[in-house]
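Accompanying notes for the structure given below.
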Amino acid sequence: MRAPKGIALWVGAASASVLLVIGIGAVLQYMAAGSENRPHLIEVVSDGLPAVFFGTAILMVAAGMGASWLFRRHPHAARQLAEQSRSLLAAEKGFRVSTAGAPPLAELASVINQLADAYHRIEHDLETRSAETRARVEEERDRFVALMSELSQGVVVCNADGRILLYNPRAAALLAPSRPDRHGDYTPLGLGRSVLALLDRNQVAHALDMLQHQVGHVDRPQARFVASAANGALLRVQVAPFLGAGRKLAGMVFTLDDVGQLMGRESQRLRLLQSLATGVRGPVANLRAATENLVSFPDMPADRREQFVEIAASEARVLTERLNTALLAYADALKGSLTLEDMRAADLLAVAQRRIAEALQLPVAIEEADPELWLRVDSYAIAHAMTFLAARLASDYELHGFRLRAGSGGNLGEVDLIWTGAIVGSDALSLWEGEPMRVGHEETPLTLRDVLERHGSEAWLQVDKIRQISRFRLLLPRGQAVAPMPYRGTAAESRPEYYDFDLFERIDMTGALAERKLSELSYTVFDTETTGLEPSAGDEIISIGAVRIVNGRVLKQEIFEQLVNPCRPISRESTAVHGIDARQLANEPTIDQVLPRLHRFCEDTVLVAHNAAFDMRFLELKEAATGVRFGQPVLDTLLLSAVVHPSVDNHHLDMIAERVGVRVIGRHTALGDALLTGEVFMRLVPLLAERGIVTLGQALEASRATYHSRLQY
Amino acid sequence: MSGLRKVLIVDDEPNILMALEFLFKRSGYDVRLARDGGEALKEVDAWRPDVMLLDIMMPVKNGYEVCQTVRERPELAAMKIVMLSAKGGEAEISKGLSLGADRYVTKPFSTQELLATIDQVLQPGAAGRQ
């Protein structure tokens, strides 16, 4: 055991004090003895000298041991207590200070241990509570995301700057590229992107402007407009603001509805009217002129009379034909009004069943519901009409239950309200058809006839007198099956990244880029596959993959993937790497069609690639031909890896991935490599921060300084 | 009683009544007219026509009701009903045929085709509807 620091001084001092006391005692004795006794004294001492030395030595050792004992119990124990107390904060939870030492120190130590206990208890409580809060927030977010996914309307939420914070799958589907087989088609919808790019820029800007003005003056500010999306869909857009602290505009919620079909029907109706007006005018004019001549001039010669009669007959034929043609061509436009919605007949029956049963407290069964049948209906009005009829039947004829049925009858759907027993005359139905429909306290000014007319529909009673079964039959227009929402998920383990509320806190994108923190920037990580390794010798890009990183997350939903027809053969070595041969690319777009889309995909982001100089060289060589210039800053994971691990020579993507702990999957497709590069880049950012490289400017400067940046292609 | 086939024409529009009366008389039918649903049912009882040309939108009783009333009476089963209407939607046609009409002709129509249709439904064994 090593002697504690400072103990030697204490022991030495104690022993020396004993020696000093004995020495001083001896000198005083010698002085006091007087000159006559001194020789005798010296003699006595000389005789007992060994005993004197021995006694002194024992006393010195005893004093040293005492000093050591005292030292260990007081100053040393105090110092140890201070050290242990200091490490209490950082050490394992079970660690406590030693209670050795003098009683007051031991007491102090045990008080410190009590404090440590209390501290750890509080720490534990706080951890538990914050874990609970985190779990609750996660759960709420998950529930929220699930809810958003279920909405049949598209929803896009943006912050006050117009940057997108959230969108649901329906919005993604509504704004998806028109050719869904091509992943690579540019979708303007993406976290952190500008909402202005989604629809017509001017319309969106106008709506935002109006909202800015309305906030504070109007109770529920709102803007609506109909706009066409890039994919040609016609959308009804509703914008509502939401306010943050100080009732200032914090962001906006956009809801999107596809109204293409409705508008289509409306414009069809308009065309029907126009075609009838123009098609009928001419023949009617001719008919009228001919017959008025016949009336006005009864004395006209017989041959002339015959001519006019023939004109009247032929114009009447033309009129008939025009009318029939127009009605046939626009048959769909006549099917119901704008308020009708396509809905499954089975769902309509379920609604009616519930409403009738609740209103009348009678059993209602579903006899048959064709699962394939869709109707175009105002479901509220139809359910209300059926409930009204059931109520009249039940009260006037004392019926005790109903059955419902839905089946298809040619181009129409049949919905039947069926009962057994009482035979109802058709005159009763005629009477009811004209009454305002009242059920309990629920009354509409609409009559059954109104509802039928709005649906272009008919209804009647069918009676089987032998079996005593009556049915009230409604003929309703058939609707189109509404396709289930497309699922745009990716890998099973990854939760869809449709939202990012941290974007609320985002600083302005226009801030001096070089000063911006790497962890805050948005990136487009991309990779290309090529026909060969020499762009200047005519090698071409055959595939581009890219993925966005926003707010420190690789957004696997927001990808760009496109094969490119290089219009030249591909070397065998290259095919061996990526497995793509020229035949596969014959029908793909050429680079001049693809680069503008990639450019829009990269808007407002910093580019990231592995060995970026290679890919950028290909892009630069196309600048003149395509007019597309990628002017944004570029970070190279190869160079950044060299900055982080300067002593390592191998900076292949696989090797870096292994070093920073990213699992390698799906390599050697452009998108697979881009995704891997993105993950690697995200791991490199904190490693760069450890070396004091925090901003984009610093990262670019450090990259430039590394040896590898001198490589030229 | 003559051997002519009997046609009852039911419509509330005098112009079409006049034209059809002329047409069917000239084509060798025995013709009577009715101006609404009530009158039509009286004629059916009193005269027992072979075929009834029946408009839908009429006062008192509409064409659907007349048709339904007639079809509820088994003794009138042999009588043919041809609906003649400006209502040309699929739902209306379907309703007319469901209520027991043998044919449904939409206005406007060709007189020659109408004659052919009547001729057809009056053929012995022409029970099927169209």
Side-chain angles (χ1 to χ4, degrees), chain A residues 280 283 287 313-324 326-328 330-336 376 408-416 423-431 433-434 449 452-466 471-478, chain B residues 15-16 18-20 22-23 36-38 40-41 54 56-77 81 83-101 104-115 117 129-130:
Chain A
V280 163
L287 190 61
S314 79
E315 291 301 339
R317 278 198 299 275
V318 171
L319 263 177
T320 309
E321 237 165 71
R322 295 237 164 122
L323 188 65
N324 287 340
L327 288 176
L328 202 67
Y330 299 105
D332 203 40
L334 296 171
K335 274 191 195 169
R376 181 165 294 163
S408 57
N411 290 327
L412 297 162
E414 301 169 351
V415 173
D416 296 347
I423 304 288
V424 180
S426 55
D427 43 343
L429 181 66
S430 312
L431 202 68
E433 272 188 0
R449 179 78 357 237
L452 294 177
E453 268 168 17
R454 274 175 62 197
H455 287 81
S457 141
E458 282 292 339
W460 65 92
L461 276 171
Q462 278 187 345
V463 182
D464 181 339
K465 280 189 178 154
I466 298 160
R471 62 182 69 219
F472 170 74
R473 170 158 293 176
L474 267 165
L475 277 188
L476 294 169
R478 285 185 83 146
Chain B
N15 285 353
I16 193 89
M18 197 195 296
L20 290 180
F22 180 78
L23 174 72
D36 61 56
L41 287 174
L54 187 58
I56 290 177
M57 288 175 289
M58 289 183 303
V60 187
K61 249 181 185 328
N62 69 32
Y64 290 132
E65 290 169 299
V66 173
C67 181
Q68 208 166 11
T69 313
V70 169
R71 286 296 175 239
E72 277 167 9
R73 294 168 55 184
E75 74 274 17
L76 296 174
I81 298 177
M83 287 197 149
L84 205 59
S85 173
K87 286 181 148 208
E90 275 178 72
E92 286 118 7
I93 296 171
S94 185
K95 178 175 179 177
L97 296 178
S98 293
L99 292 180
Y104 193 106
V105 176
T106 53
K107 290 178 185 174
F109 50 83
S110 140
T111 48
Q112 293 312 304
E113 280 171 31
L114 180 65
L115 278 176
T117 305
R129 288 183 201 157
Q130 204 175 17

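Numbers restart at 1 for each chain; the letters A, B, ... are given by sequence-line order, proteins then strands. Source: prediction; values computed, not measured.
For B/Glu72, the CD atom counts as densely surrounded, since its 6.0 Å shell holds more than 12 non-hydrogen atoms of other residues, nucleotides or ligands. For B/Phe22, the CZ atom is loosely surrounded, since the number of other residues' heavy atoms within 6.0 Å does not exceed 12. Heavy-atom contacts from other residues, nucleotides or ligands closer than 6.0 Å to CD of B/Glu113 number 12 or fewer.
Nearest approach of A/Glu433 to A/Leu452, heavy atoms of both residues: OE2-CD1, 4.2 Å.
Counting heavy-atom pairs under 4.5 Å between each of A/Leu461, A/Leu323, A/Leu476 and chain B puts A/Leu461 at the top. When each of B/Ser110, B/Ser94, B/Ala91 is scored by its heavy-atom pairs under 4.5 Å with chain A, the top score falls to B/Ala91.
Residue A/Ala316 does not touch chain B at all, counting heavy-atom pairs closer than 4.5 Å. For A/Ser457, the part lying under 4.5 angstrom from a heavy atom of chain B is the backbone only. Neither the backbone nor the side chain of B/Lys61 comes within contact range of chain A; no heavy atom of the residue lies under 4.5 Å from a heavy atom of that chain. With a threshold of 4.5 angstrom between heavy atoms, B/Glu92 approaches chain A through its backbone and through its side chain.
Side-chain contact between B/Tyr104 and B/Lys95 is absent, with no heavy-atom pair separated by less than 4.5 Å.
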